[in-house]
Structure formats: structure tokens, C-alpha cells
Amino acid sequence: MARETVRIGTAEAAPGTKATGAVHVANRPDGSPIFIPVMIVNGVEDGPVVGMDGCTHGDEYEGPEAVQTLVAQLDPTRMRGALIGVPVVNILAFQAMQRVTPHDPLSYPDLNRNYPGRPDGGLTARIAYTHFHEIVARTEVFITVHSGASFAMLPPKLIFHESDDELGRKSLEIAKAFGWEILWRNGSYPGTLNGSAERRGIVCIAPEFGGTDRMPQHRADRTRRLVTGATNVMKHLGMLEGRPQLPDRWVVVEGESHLFASHGGLLAYEADFELGQGVAAGQKIARILDLYGNEIEAVVAPYDGLAIMMRTLPLINPGDWVVGIGKYVRVIENRE
Ligand SMILES: [Zn+2]
């Protein structure tokens, strides 16, 4: 069946071509546009539409690098369906080099607490509304990339939705196809893109990886693994030829898993603590020191689990989170 041109905002990609453009959100006081950049890769045969975005949080640069690299690598003349890439969703937070929208007195300025957005809301709610309705709603599977931003590091892990219905089954299937070992079930909050997409029947997974370590070779490795994950999903869906590269097993974890500091001070990790590895109930993970080097608080694992988040910024305020420990749910062996 002949494919049609894909049009989003000013981007128009005929079958077998790529295109870039922008979706308009609003204008700044000086009249310049606030927009969402889009990159379309339109295949030559019909197939699913998959989306991938970055910089929902403005200081998480793994997403833009992965989207740009994925779009550059795809050959639309050898592809079914379409890929819609959004390198930067919250352009205002991105330019301000921070997590949230810099000026938004009307809505909570974290974009990922504003979905599905409001056309008549504050600026962040309007960005969410435009992104969700003009872009995400056009897809069947959406990949939204996050990281540890400017204060934390995350091992490669992926948030998916687990439930007993068709959507839960598809979400686990796509999460496994991405090819990362650590799967965090239902690790989302009210107002996230994941939740709003799922209520529309769109499978939405959130790979989270990296953060404060921005050495070039490590960035390149993370980009490679994110792009491999996306092409794995596209192979699984029949959009690209070939088989996904899958791990020997997947480890499913769950839980509102942050451990918070009661005291401010300087954070020091124990030598045997390692991100992405298991911790045992009662294991001392870190110490909080006062200005004179005295230990004023011990951070201890409350249960057996997997270290899925780690604050790397040594300064810590009371109430900040130190680490995230995912509770073990089950291991899924890859029998293929
Ligand atoms: Zn994020």
C-alpha cells in the first residue's frame, strides 16, 4: 500500500524521505516563537509510527544526542512506518540549562507533571498540550528519554507499565525489546507523559541513563545504547529488517524507591556501593558528614534491591534524595 506524506507542524516528509520542522506553541514577549522541534523519517511501506523524545527536563542531554543520531542513521528507503523524533521538548528549560521551565507562575514548571497539558494553561501546560496532542497522539509506541540530569547518575534502566490487560502486555513486550536488563514497572507519577499516553492506549516507555558524567566517550556509549534500544524496538515492530539484540535476562523492579537525607552536609559513599548493582537490607550505603568531617547520618538500605539512582552532587540538603533502590519483583529469562 502506498504510504502518505507525514506532516507535523512545518515538517513534511514524503514516503522514503526525512524532514525537519517545528510545531508552534506560543510567542515570547519579543515576538520570537516558542516551538517544539520535530524530525520525521518516513518509510516506503506502511507500518507503525514510533516517537522518541529528549529534554522533557532541560538538563538531560542524553535524549537530544540519541534522537539526532537515530534520525541520522535511519534509511527511510529501507523502512516501514515512520519515526518521529523530538530532540528537545521543553526548549525553555533547555536554553536555561535547567530541569524545569524558568518562568511559569501559572503551572508547576516540571513539564513531566503537566501531561496531557492544557491549551489555556500556563506555559509548561501549553508545551505539554502541544507535544501530547500534535506529536505523541500520532504514535503507537513512544520512547521518552530521561537521565540523572545535573546532580545524579542512573544505570541503564527503563520504566514501563505493567498490568493484566492488553496495554500492560504490550508495554512489557516493548520494554523487553528495547534490550536493557533493568525494567522498572509503573515507576511514574501523576502528570507524566507515560500515564497520559497509556490512558490513550499508546505504549510509552522511558529509558533513563546517565546524568552528571559527561565525558565524551561515556556520552557516545550512552548514545549508542539508546539508539540500539530504539532500533531494537523498530526491528521488533517490523519497521526495520533484522532481529533485536536482547540480554540473557531482564530484572523487573518496582517501588517509590528514593532514600532521603534528614541532615544537610557532604555526601560520602561507602567503598562497596556500586550503581546498578544489588544492595542488601541493612547495608550501609553512604554517610552524611558535617563541615568538620564528622558522620551525622548513615544512609542504610531498607530492603534488598537494585541501586537504580545515585546522587553524585556531594553537597546535600535535608530532604534531598541520596539513592534510589528498586525492590526486586522477578527475573525474566530470555529463552529465545
Ligand atoms: Zn527527566
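These numbers come from the heavy atoms of this one structure, side chains and all, not from hydrogens, waters or symmetry mates.
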Q) Name the one of T124, D110, L111 that satisfies side chain to side chain contact (heavy atoms under 4.5 Å, CB included) with D104? A)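 Testing D104 for a side chain to side chain contact (heavy atoms under 4.5 Å, CB included) against T124, D110, L111 leaves exactly one candidate, T124.
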Q: With I34 as reference, evaluate T101, N27, L123 under the side chain to side chain contact (heavy atoms under 4.5 Å, CB included) test and give the passing residue.
A: L123
Q. Stepwise, does the salt bridge (Lys or Arg N to Asp or Glu O under 4.0 Å) test hold for D59 with R99?
A. CA-CA 5 Å; D59 57 351; R99 179 180 176 87; 5.8 Å; no
Set of salt bridge (charged side-chain N to carboxylate O under 4.0 Å, His left out) partners for [X], sequence neighbours left out:
X    : answer
R219 : E65
R113 : none
R28  : none
K284 : E295

Does some side-chain heavy atom of [Y] sit less than 4.5 Å from a side-chain heavy atom of [X]?
X    : Y    : result
W184 : M309 : yes
F160 : N186 : no
Y269 : V322 : yes

Q. Got a sec, which pairs hit side-chain hydrogen bond (donor to acceptor under 3.5 Å, both in side chains) with one end in residues 240-251, sequence neighbours left out?
A.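 For residues 240-251, and leaving out neighbouring residues, the side-chain hydrogen bond (donor to acceptor under 3.5 Å, both in side chains) pairs sorted by first residue read R80-E241.
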Q: Keeping to residues at least two apart or across chains, list the side-chain hydrogen bond (donor to acceptor under 3.5 Å, both in side chains) pairs with something in residues 14-23.
A: none
Q: Check whether the side chains of N194 and T192 place a donor and an acceptor atom closer than 3.5 Å, and report yes or no.
A: no
Q.
Ignoring hydrogens and geometry beyond distance, is a side-chain donor-acceptor pair present between T5 and E12 at under 3.5 Å?
A.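 No, no side-chain donor-acceptor contact under 3.5 Å.
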Kindly say whether [Y] contributes a backbone atom to a donor-acceptor pair with the side chain of [X] at under 3.5 angstrom?
X    : Y    : answer
E173 : K170 : no
T10  : A22  : yes
N42  : A13  : yes
T228 : R224 : yes

Who passes ring pair (Phe, Tyr, Trp, His ring centres under 6.0 Å) against [X], sequence neighbours left out?
X    : value
H236 : none
H218 : none
H161 : none

Q: Output every pair passing salt bridge (Lys or Arg N to Asp or Glu O under 4.0 Å) with a member in residues 139-162, not counting sequence neighbours, ordered by first then second residue.
A: K157-E208, E162-R185, E162-R330
Q: Any pair with a residue in residues 120-130 that passes salt bridge (Lys or Arg N to Asp or Glu O under 4.0 Å), sequence neighbours left out, goes on the list, sorted by first then second residue, please.
A: R118-D120
Q. When you look at CZ of R214, are more than 12 heavy atoms from neighbouring residues, nucleotides or ligands closer to it than 6.0 Å?
A. yes
Q: Using a cut-off of 6.0 Å, state whether more than 12 heavy atoms not belonging to K327 lie near its atom NZ.
A: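 Count not over threshold, so no.
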Q: Please identify each residue that fulfils side chain to side chain donor-acceptor pair (under 3.5 Å) with D272, with sequence neighbours left out.
A: none
Starting from [Y], can I reach [X] by hopping between I/L/V/M/F/W/Y residues whose side chains sit under 4.5 Å apart?
X    : Y    : value
I135 : L74  : no
M39  : V88  : no
F178 : I332 : yes
L291 : I296 : no

